[in-house]
Number of protein chains: 2
Amino acid sequence: MSSEEMSGRSATTAAQVRKDLSLFGSFGKRGLGYDVADLSERLKKILGLDRRWRVALVGAGRIGSALVEYGGFAERSYDVVAIFDSDPSKVGERWGGLRVRDISQFVSVAKDQGVEIVILAIPVEAVPSVMEYVEEAGVRGILNFAPTKLKVPERVAVKDVNMVMELEALSFALSQEDEEA
Amino acid sequence: MSSEEMSGRSATTAAQVRKDLSLFGSFGKRGLGYDVADLSERLKKILGLDRRWRVALVGAGRIGSALVEYGGFAERSYDVVAIFDSDPSKVGERWGGLRVRDISQFVSVAKDQGVEIVILAIPVEAVPSVMEYVEEAGVRGILNFAPTKLKVPERVAVKDVNMVMELEALSFALSQEDEEA
DNA sequence: GCGGCTTTGTGAAAATCTTCACAATATTAG
DNA sequence: CTAATATTGTGAAGATTTTCACAAAGCCGC
């Protein structure tokens with residue numbers, strides 16, 4: 001497959017595809033393009049997707065439920081191995097094969113289960129107290145759905161996700177059109 | 001509130017806040033900062049959030065369910081007014097106050113309900129046929145959860161969302177650390 | 001093996017985005 | 001009213017990202 005074809009399938013350009021790939025090495029053959037299977041495998045390795053990651057979900061609310069329901073994570077390289085909440089009415093519930101645990105058990109369970117990544121799906125107010133546990137447990141990455149900036153030690157990687165923001169970007173784009181009309 | 005304080009609360013800098021805002025006008029008072037209520041209202045207007053948007057969900061699968069469950073949309077400016085799927089076993093189900101309709105009814109229902117935005121939560125294979133309906137109905141914006149580049153007329157605004165991508169970025173960041181160690 | 005065709009990998013140029021830094025302006029205290 | 005202090009709005013500088021464009025490879029047919 002050529003960089004041209006790749007760019008056609010994704011929202012980018014052929015030059016961008018080549019430039020991006022060249023940052024990590026030389027994967028293609030001039031005149032021929034890229035071998036899909038080979039490229040896929042080498043990229044997986046680069047992206048750290050050639051192994052499974054152990055993930056804990058913190059927050060058994062609507063977002064948490066949505067993420068577990070979604071299921072797309074397991075299909076990739078992520079195994080949700082524990083679920084936590086602070087609400088006593090939720091603790092004990094069964095979600096998929098897992099029991100929702102009280103957040104106070106986070107450190108011991110996370111260490112025991114070798115949790116590397118946390119999906120943080122809790123309200124902003126709950127963030128500071130939860131982050132203490134997360135930090136103590138030595139978690140290395142956080143996928144953050146709370147609309148706040150996390151304060152973490154440098155060794156912890158954070159990715160912020162905010163779905164409503166995407167919708168608001170759409171709303172903005174549409175409003176612009178209205179004004180032009 | 002000063003641009004300094006705003007930057008502290010979000011993942012940005014004071015200069016960035018001021019620059020961004022200056023693109024749309026002059027909202028603050030020198031020496032004083034920004035009036036939060038006033039700024040909030042004016043930004044909502046700019047972002048098109050001073051009105052409600054009528055949204056249709058296409059795809060009553062896991063992602064769709066997750067989004068409706070999540071509920072964050074109604075709290076903002078978005079009302080889900082219809083849900084569609086092509087799977088006969090799903091059509092007729094009640095989701096919240098809505099009945100899942102067959103995708104073949106999309107055009108008439110969307111026009112009838114004044115749907116402006118579509119949340120596309122369907123598998124990649126289903127995209128082309130669904131997009132025909134969406135196009136015909138005159139929808140103006142699409143929040144796309146399918147990992148493919150949509151081909152749309154210029155007047156249609158598209159926002160792509162890919163949650164797994166965020167996780168993969170985390171995975172990459174963590175792998176990098178491993179290599180450094 | 002050679003000429004024609006294709007496509008990569010990558011410097012250099014262009015475009016965009018972020019940060020710097022400071023004059024302009026507003027408030028407050030005395 | 002003046003001096004001291006705070007903070008915006010914004011050109012200019014700096015950094016980063018994207019695009020351009022083309023030499024270097026590689027395949028194919030003859």
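What you are looking at is a predicted structure, and each value in this text was computed from that prediction instead of being measured.
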Counting only heavy atoms not in Lys90(B), do more than 12 fall under 6.0 Å of its NZ? yes
Using a strict heavy-atom distance below 4.0 Å, which residues from residues 29-40 of chain B are in contact with DNA chain D? Lys29(B), Arg30(B), Gly31(B), Leu32(B), Gly33(B), Tyr34(B)
Within residues 9-23 of chain A: residues closer than 4.0 Å to DNA chain C (heavy atoms): Arg18(A), Lys19(A), Ser22(A)
Does a sphere of radius 6.0 Å around CZ in Arg9(A) hold more than 12 heavy atoms from other residues, nucleotides or ligands, not counting ones at 6.0 Å or beyond? no
Over the length of the helix from dG1(C)-dC30(D) to dG30(C)-dC1(D), how much do the five-pair end axes diverge, rounded to 10 degrees? 20°
Partner set under salt bridge (charged side-chain N to carboxylate O under 4.0 Å, His left out) for Arg52(B), not counting sequence neighbours: Asp79(B)
Do the side chains of Leu150(A) and Leu120(A) get nearer than 4.5 Å, heavy atoms only? yes
If you walk 5' to 3' along DNA chain C, what is the first nucleotide with an atom under 4.0 Å of a heavy atom in chain A, and what is the last? dT6(C) to dA12(C)
Determine the interplanar angle of the Phe24(A) and Phe172(B) rings, folded into 0 to 90°, and report it as parallel if under 30°, tilted if 30 to 60°, perpendicular if over 60°. perpendicular
CD (Glu4(A)) with more than 12 external heavy atoms under 6.0 Å: no
Round to the nearest Å and state the distance from Glu5(B) atom CD to dT8(D) atom P. 11 Å
Should Asp178(A) and Arg140(B) count as an ion pair when the cut-off is N to O under 4.0 Å? yes
Is the CD atom of Glu5(A) crowded by more than 12 outside heavy atoms at less than 6.0 Å? yes
Is the number of heavy atoms from other residues, nucleotides or ligands within 6.0 Å of NZ (Lys149(A)) greater than 12? yes
Which residues pass the ring-ring contact (aromatic ring centres under 6.0 Å, His included) test with Phe145(B), sequence neighbours left out? none
Please work out whether the ring planes of Phe106(A) and Tyr133(A) are parallel, tilted or perpendicular, with thresholds of 30° and 60°. tilted
Tell me whether the count of non-hydrogen atoms from other residues, nucleotides or ligands lying under 6.0 Å of CD in Glu136(A) goes above 12. no
Separation of dG9(D) C1' from Phe24(B) CZ (nearest whole Å): 15 Å
For the student: nearest non-hydrogen atoms of Ser171(A) and Tyr78(B), plus distance: CB-OH, 3.2 Å
Would you say a side-chain N or O of Ser3(B) is under 4.0 Å from OP1 or OP2 of dT8(D)? yes
